[in-house]
Amino acid sequence: MASIIQHYGKWRAQVRRKGWPVYTKSFDTKAAAEKWARQIEADIDRGVLPGASVVAARRYTVADLIEDYRRLRAQSRPVLDTTTEHYNLRRLADHLGTLDAARLRPDDLVGYAQMRADEGAGPYTVNMEVSKLGTVMRMVASIKHMTLPDVVQQARPLLAHLGLIGGGGRRERRPTDDELDRIIAHMHDTYGPVWADAVRFAVGTAMRRGEIVRIRWDDLDAARRLVLVRDRKDPRQKAGNDQWVPLLADTAMGDMWALVQRQPRVDPRIFPIGDSTLSKYFTWTCRALSIPDLHFHDLRHHAISLLFERGFRIEQVALVSGHKSWQHLKRYTNLRPEDLHGAGL
């Protein structure tokens, strides 16, 4: 049963059900609060998360969605107005902002992509923008406990078929947050958790696929939270190039030491899988999700770039990546000029 109480001149409705999140919203009148609570309860009775318009108690536009995303991000990692992400969000709000977020259709995204192409945006840029919309919709829907359509995934096959999304020119492809989330979820559901964790580990450690599948339980140093990577690739030294690598706690994929510890100890290797199979499953997953021009090795490129963007120095990044010189290391980085704002230079 919903709770309707008067609070500081407003009527606050709160719906609590065991096993469901708590829904709370304030209204000017008791009647409006009761109506809203009945709608929330009706959706719960049907076993589905309430729709966006019900939770918001009004039409919920893409502009509203993006504004909510910015507010949520402000609590932890604000979207700075000097970043590419800011401009991606602004373009999405400018061109899709008036549309109902709960009723977005693949055709809407095709129209957006065609408009951006007419403005001169390439397939790689459009892919980044559309992927950002997917991230925004998933995050806001999760935090606000409401249902939004997975319109980005629905639109991807058509966008790829029309050539409206794709990879870049020079090999500097990095996955978006939305793409990574979808890849990890698909590999977990299709091939199993060890495959999904291998992808997380690649992004959190910058290891090559061959290095990931070779590391063993007896290569771990628990006291220092390090792992010994044996025979790391080096143009001057093919064998015996062993390196202790830190398993960092604060990565885009979470705590790497904790990730390792949750793997089942069924084999001397931490990830008892084949490197060629890992690459194959990754490729098949990208194909199934219509994610263009992304290779498993691009995760290493992405991981190294993330370290630089977090403020790590060259010699610190090299301790993770295994590179011996800046000349070899810089080819993997894809630093953006706008990321230097606020870097304390």
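The first residue in the sequence is number 1, and the count goes up from there. Just so it is clear, the values below take in all heavy atoms, side chains as well, and ignore hydrogens, waters and symmetry mates. Worth saying up front: this structure is predicted, and the values here are computed from it rather than measured.
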Do [X] and [Y] have side chains that get closer than 4.5 Å, going by heavy atoms?
X      : Y      : result
Trp11  : Ile5   : no
Met253 : Leu259 : no
Arg208 : Phe296 : no
Glu85  : Arg73  : yes
Trp257 : Leu248 : no
Thr135 : Thr176 : no
Ile184 : Asp197 : no
Thr283 : His295 : no

[Y] backbone acceptor or donor facing [X] side chain under 3.5 Å:
X      : Y      : value
Trp217 : Asp267 : yes
Thr285 : His186 : no
Tyr191 : Leu278 : no
Gln263 : Val260 : no
Asp242 : Asp231 : yes
Glu129 : Val126 : no
Arg173 : Pro292 : yes
Gln243 : Leu319 : yes
Arg230 : Asp219 : no
Glu41  : Ala2   : yes

Which atom names give the shortest non-hydrogen contact between [X] and [Y], and what distance separates them?
X      : Y      : result
Ser26  : Lys10  : CB-CB, 4.3 Å
Ser290 : Ile165 : O-CD1, 4.1 Å
Pro149 : Met137 : O-CE, 3.6 Å
His145 : Val22  : CD2-O, 4.3 Å
Leu96  : Leu109 : CD1-CD2, 4.0 Å
Asp100 : Arg59  : N-NH2, 3.4 Å

Task: Single hit among Leu247, Leu226, Ile215 for side chain to side chain contact (heavy atoms under 4.5 Å, CB included) with Leu220 - done: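 In the set Leu247, Leu226, Ile215, the residue that makes a side chain to side chain contact (heavy atoms under 4.5 Å, CB included) with Leu220 is Leu247.
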Task: Candidate list Leu104, Val130, Asp107, test side chain to side chain contact (heavy atoms under 4.5 Å, CB included), partner Val151, passing option - done: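 With Val151 as partner, Leu104, Val130, Asp107 yield a single side chain to side chain contact (heavy atoms under 4.5 Å, CB included), made by Leu104.
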Can you tell me how far apart [atom1] ([X]) and [atom2] ([Y]) are? Round to the nearest 0.5 Å.
X      : Y      : atom1 : atom2 : value
Cys286 : Asp293 : SG    : CG    : 9.5 Å
Arg232 : Met207 : CZ    : CE    : 6.0 Å
Leu306 : His301 : CG    : NE2   : 9.5 Å
Arg200 : Leu299 : CZ    : CG    : 12.5 Å
Arg300 : Asp298 : CZ    : CG    : 12.0 Å

Does [X] have any salt bridge (charged side-chain N to carboxylate O under 4.0 Å, His left out) partners at least two apart in sequence or in another chain, and if so, which?
X      : result
Arg214 : none
Arg287 : none
Arg90  : none
Asp181 : Arg138

Does [X] belong to the same Ile/Leu/Val/Met/Phe/Trp/Tyr cluster as [Y], with side-chain heavy atoms less than 4.5 Å apart forming each link?
X      : Y      : result
Tyr23  : Phe27  : yes
Phe201 : Leu228 : no
Ile212 : Trp244 : no
Val15  : Ile4   : no

Taking only distance into account, with no hydrogens and no angle test, what donor-acceptor pairs under 3.5 Å do side-chain atoms of residues 43-52 form with protein atoms, sequence neighbours excluded?
| from | atom 1 | to | atom 2 | distance (Å) |
| --- | --- | --- | --- | --- |
| Asp43 | OD1 | Arg46 | NH2 | 2.2 |
| Asp45 | OD1 | Arg17 | NH1 | 3.0 |
| Asp45 | OD1 | Arg17 | NH2 | 3.1 |

- [ ] Apply side chain to side chain donor-acceptor pair (under 3.5 Å) to Thr24 and list each qualifying residue two or more places apart in sequence or on a separate chain.
- [x] Gln14
Task: side chain to side chain donor-acceptor pair (under 3.5 Å) against Thr205, all qualifying residues, sequence neighbours excluded - done: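 If we apply the side chain to side chain donor-acceptor pair (under 3.5 Å) test to Thr205, skipping adjacent residues, there are no hits.
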Task: Distance-only polar pair, side chains of Arg91 and Tyr87, donor-acceptor under 3.5 Å - done: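 Judged by distance alone, the side chains do not pair up.
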Task: side chain to side chain contact (heavy atoms under 4.5 Å, CB included) involving Asp81 - partner list, sequence neighbours excluded - done: His86
Open item on the list: Restricting to side chain to side chain contact (heavy atoms under 4.5 Å, CB included), what partner residues turn up for Gln153, sequence neighbours left out?
Closed with: Asp150, Arg156, Arg182, Leu289
TODO: Check the surroundings of atom CZ in Arg262: do more than 12 heavy atoms from other residues, nucleotides or ligands lie under 6.0 Å from it?
DONE: yes
Open item on the list: Go through it in stages, so that I can follow the logic: the residues are Met139 and Asp177, the test is side-chain contact (heavy atoms from CB on, under 4.5 Å), and I'd like the CA-CA distance, side-chain angles, deciding distance and then a yes or no.
Closed with: CA-CA 11 Å; Met139 178 178 175; Asp177 291 344; over 6 Å; no
Open item on the list: Starting from Val266 and following side-chain heavy-atom contacts under 4.5 Å between hydrophobic residues (I, L, V, M, F, W, Y), which residues can be reached?
Closed with: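 Its cluster mates, by chain and number: none.
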Open item on the list: Considering only residues two or more places apart or on different chains, which pairs with a residue in residues 268-282 satisfy side chain to side chain donor-acceptor pair (under 3.5 Å)?
Closed with: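 Of all non-adjacent pairs touching residues 268-282, those that pass side chain to side chain donor-acceptor pair (under 3.5 Å) are Arg209-Ser279.
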Task: Stepwise side-chain contact (heavy atoms from CB on, under 4.5 Å) test for Trp195 and Phe282 - done: CA-CA 9 Å; Trp195 302 94; Phe282 186 87; over 6 Å; no
N/O donor-acceptor pairs under 3.5 Å from side chains in residues 61-68, not counting sequence neighbours:
| from | atom 1 | to | atom 2 | distance (Å) |
| --- | --- | --- | --- | --- |
| Thr61 | OG1 | Ala63 | N | 3.4 |
| Thr61 | OG1 | Asp64 | N | 3.1 |
| Thr61 | OG1 | Asp64 | OD2 | 3.0 |
| Thr61 | OG1 | Gly97 | O | 3.4 |
| Asp64 | OD2 | Arg58 | NH1 | 2.7 |
| Asp64 | OD2 | Thr61 | N | 3.0 |
| Asp68 | OD1 | Arg71 | NH2 | 2.4 |
| Asp68 | OD2 | Tyr60 | OH | 2.6 |

